[in-house]
Q: 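Just passing along the structure, written as structure tokens.
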Amino acid sequence: MKVQLIRDSLTESSSRSTVPTSDLDLLDAYSQAVASTVQQAGPAVVHIQARSEKKGGGGTGSGFLISPDGFLMTNSHVVHGAAQLQAQTPDGRESRADLIGDDPDTDLAVLRIDLPDLHHLPFAESEKITVGQIAIAIGNPLGLDNTVTAGIVSALGRTFPARTGRLIDNVLQTDAALNPGNSGGPLLDTRGQVIGVNTAIIPAAQGISFAIGSKTAEFVASWLIKEGRIRRGYIGVAGQDVSIHERVARFHQLRQRSGILVHTVESDSAAAEAGVEVNDILVWLDHEELRSVHELHRLLVLREPNRRSRLTVLRKHQLIHLWITPRERA
């Protein structure tokens with residue numbers, strides 16, 4: 001499946017108290033939900049202009065404010081390598097945007113602008129996002145400011161590759177229409193909270209777009225603001241979330257019912273040296289449960305690289321303890 005980043009890059013209401021009784025009522029409720037969200041969230045969505053050193057080089061994208069003091073989030077591919085960044089708010093105010101941090105591995109970046117009286121958006125709790133809920137995208141596709149599209153969340157837990165080759169996990173699939181220039185804009189629920197950061201489309205498909213989930217976005221933003229980059233440990237495996245059979249979990253007295261199924265192990269990696277094998281299920285790193293790929297990524301960011309740790313895996317229904325030393329990814 002070919003996935004295309006959506007960009008003009010440098011290189012390129014609450015519900016009614018009664019059940020609606022007619023199609024007109026249903027349309028009105030839907031319209032009111034979307035309109036209310038746009039009115040609430042629209043002032044926090046900005047237009048980003050990126051300029052490169054090359055004559056005529058640069059591109060545009062979208063972003064949204066995440067704090068009242070000017071921090072805003074967008075996609076890495078919108079701003080990566082830019083010589084100059086400019087942001088414009090919906091009320092027409094312009095400001096130079098300073099790059100605070102850039103993480104190509106998750107295609108996320110944080111900028112900061114210096115303007116007063118800024119409206120910002122909160123992140124939604126990702127655990128409460130459900131398939132079928134309304135998803136509203138606001139951005140600047142093809143240079144058309146403050147464009148709104150709406151649809152539903154059609155799938156959760158997708159993955160797709162970043163420009164670096166690393167798989168981005170916790171990705172939402174939606175049928176809200178996205179076009180070049182929507183990159184970095186918010187995907188919202190009907191309470192005006194950010195459920196994702198719009199980032200990619202499948203060119204040959206209709207109604208299939210992707211957004212990086214709020215849990216990943218909020219986590220990455222906090223570290224970029226704190227340190228300007230993500231110091232990420234690396235063990236050298238690719239895998240996916242998988243359920244652990246109830247009988248196996250009970251036999252080994254596991255509290256968790258999911259882990260990470262290993263698809264590939266890179267040669268000469270920390271995982272290869274530790275003895276990790278394809279089809280192992282990663283369940284613990286030291287005393288921390290590995291219930292998902294996101295949990296592994298989170299732990300590899302939080303702990304210092306080159307720290308020896310005990311990795312516990314399920315191999316053919318047996319628990320095996322291995323010693324592994326994650327390395328800092330260059």
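All heavy atoms count here, side chains included; hydrogens, waters and symmetry mates do not.
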Q: Has the side chain of Q256 got a donor or acceptor atom that lies under 3.5 Å from a matching backbone atom of S258?
A: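 Yes.
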Q: For residues D102 and S76, is any side-chain donor paired with an opposing acceptor at under 3.5 Å?
A: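 Note: D102 and S76 side chains meet the donor-acceptor criterion.
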Q: Judged by atom type as modelled, is there a donor-acceptor pair below 3.5 Å linking the side chain of S154 to the main-chain atoms of G132?
A: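 Not confirmed, S154 side chain does not pair with G132 backbone.
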Q: Just to verify, which of R232, R163, R229 counts as forming a salt bridge (Lys or Arg N to Asp or Glu O under 4.0 Å) with D105?
A: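 Per the salt bridge (Lys or Arg N to Asp or Glu O under 4.0 Å) rule, the option paired with D105 is R232, out of R232, R163, R229.
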Q: Has D91 got more than 12 heavy atoms of other residues, nucleotides or ligands less than 6.0 Å from its CG?
A: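 Enclosed: over 12 neighbouring heavy atoms sit under 6.0 Å from CG of D91.
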Q: If we ignore hydrogens and angles and just use 3.5 Å, is the side chain of S36 paired with the main-chain N or O of A33 as donor and acceptor?
A: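 No; zero donor-acceptor contacts below 3.5 Å.
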Q: Side chains of D103 and T106: is there a donor and an acceptor less than 3.5 Å apart?
A: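 Indeed, the side chains of D103 and T106 share at least one donor-acceptor pair under 3.5 Å.
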Q: Do S67 and H120 have side-chain N/O donor and acceptor atoms under 3.5 Å apart?
A: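 Per modelled atom types, S67 and H120 side chains form no pair under 3.5 Å.
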Q: State whether the number of non-hydrogen atoms from other residues, nucleotides or ligands found under 6.0 Å of Q240 atom CD is greater than 12.
A: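 Enclosed.
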Q: Tell me whether D286 at atom CG has more than 12 heavy atoms from other residues, nucleotides or ligands lying less than 6.0 Å away.
A: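 Check passes, neighbour count above 12.
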Q: Look at the side chain of S309 and the backbone N and O of L285, then say whether any donor-acceptor pair between them is shorter than 3.5 Å.
A: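 Side chain of S309 to backbone of L285, a donor-acceptor pair under 3.5 Å: no, none is there.
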Q: Do L108 and M73 come within less than 4.5 Å of each other through their side chains, counting heavy atoms only?
A: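 Yes, side chains in contact.
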Q: Measuring from Q49:CD to N140:CG, what's the distance to the nearest 0.5 Å?
A: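 If I round to the nearest 0.5 Å, the distance is 10.5 Å.
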Q: Tell me, do R257 and R250 make a side-chain contact under 4.5 Å, heavy atoms counted?
A: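 With C-beta onward as the side chain, the pair touches.
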Q: Given side chains that start at C-beta, do those of P68 and L118 come closer than 4.5 Å, heavy atoms only?
A: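 The answer is no, as the side chains (C-beta and beyond) never meet within the 4.5 Å cut-off.
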Q: Any side-chain heavy atom of L72 sitting closer than 4.5 Å to one from I113?
A: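 Result yes, sub-4.5 Å side-chain heavy-atom pair found.
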Q: When you look at CZ of R93, are more than 12 heavy atoms from neighbouring residues, nucleotides or ligands closer to it than 6.0 Å?
A: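 For R93, atom CZ is crowded (more than 12 foreign heavy atoms under 6.0 Å).
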Q: Under a 3.5 Å cutoff, is there a donor and acceptor pairing between the side chains of D241 and S292?
A: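 Short answer, no.
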Q: Going through the distances and angles, do T190 and Y30 end up as a side-chain contact (heavy atoms from CB on, under 4.5 Å)?
A: CA-CA 10 Å; T190 53; Y30 179 85; over 6 Å; no
Q: Could you tell me whether the side chain of Q133 and the main chain of T130 form a donor-acceptor pair under 3.5 Å?
A: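 Indeed, once roles are kept as given, a pair shorter than 3.5 Å links the two residues.
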Q: For the residue pair R327 and S269, confirm or rule out a side-chain donor-acceptor distance under 3.5 Å.
A: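 No.
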Q: Test side-chain contact (heavy atoms from CB on, under 4.5 Å) on I244 and L254 and set out the steps.
A: CA-CA 9 Å; I244 298 173; L254 300 177; 4.3 Å; yes
Q: Given D107 and T199, is the side-chain hydrogen bond (donor to acceptor under 3.5 Å, both in side chains) satisfied, shown in steps?
A: CA-CA 8 Å; D107 195 25; T199 190; 2.6 Å; yes
Q: Counting only N and O atoms by type, is there a donor-acceptor contact under 3.5 Å from the side chain of N182 to the main-chain atoms of G185?
A: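 Side chain of N182 to backbone of G185: no pair is present.
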Q: Please report the shortest heavy-atom distance between L172 and G213, naming the atom on each side.
A: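 Looking at all heavy atoms of both residues, the closest pair is CG-CA, 4.3 Å.
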Q: Looking at D98 and R112, is any side-chain nitrogen of the basic one under 4.0 Å from a carboxylate oxygen of the acidic one?
A: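 No.
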Q: Under a 4.0 Å threshold between the charged nitrogen and the carboxylate oxygen, would E295 count as salt-bridged to K215?
A: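 Between E295 and K215 there is a salt bridge, with a charged N closer than 4.0 Å to a carboxylate O.
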Q: If we count only N and O atoms by modelled type, under 3.5 Å, do the side chains of Q173 and R158 hold a donor and an acceptor together?
A: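 On atom types as modelled, these side chains qualify, holding a pair under 3.5 Å.
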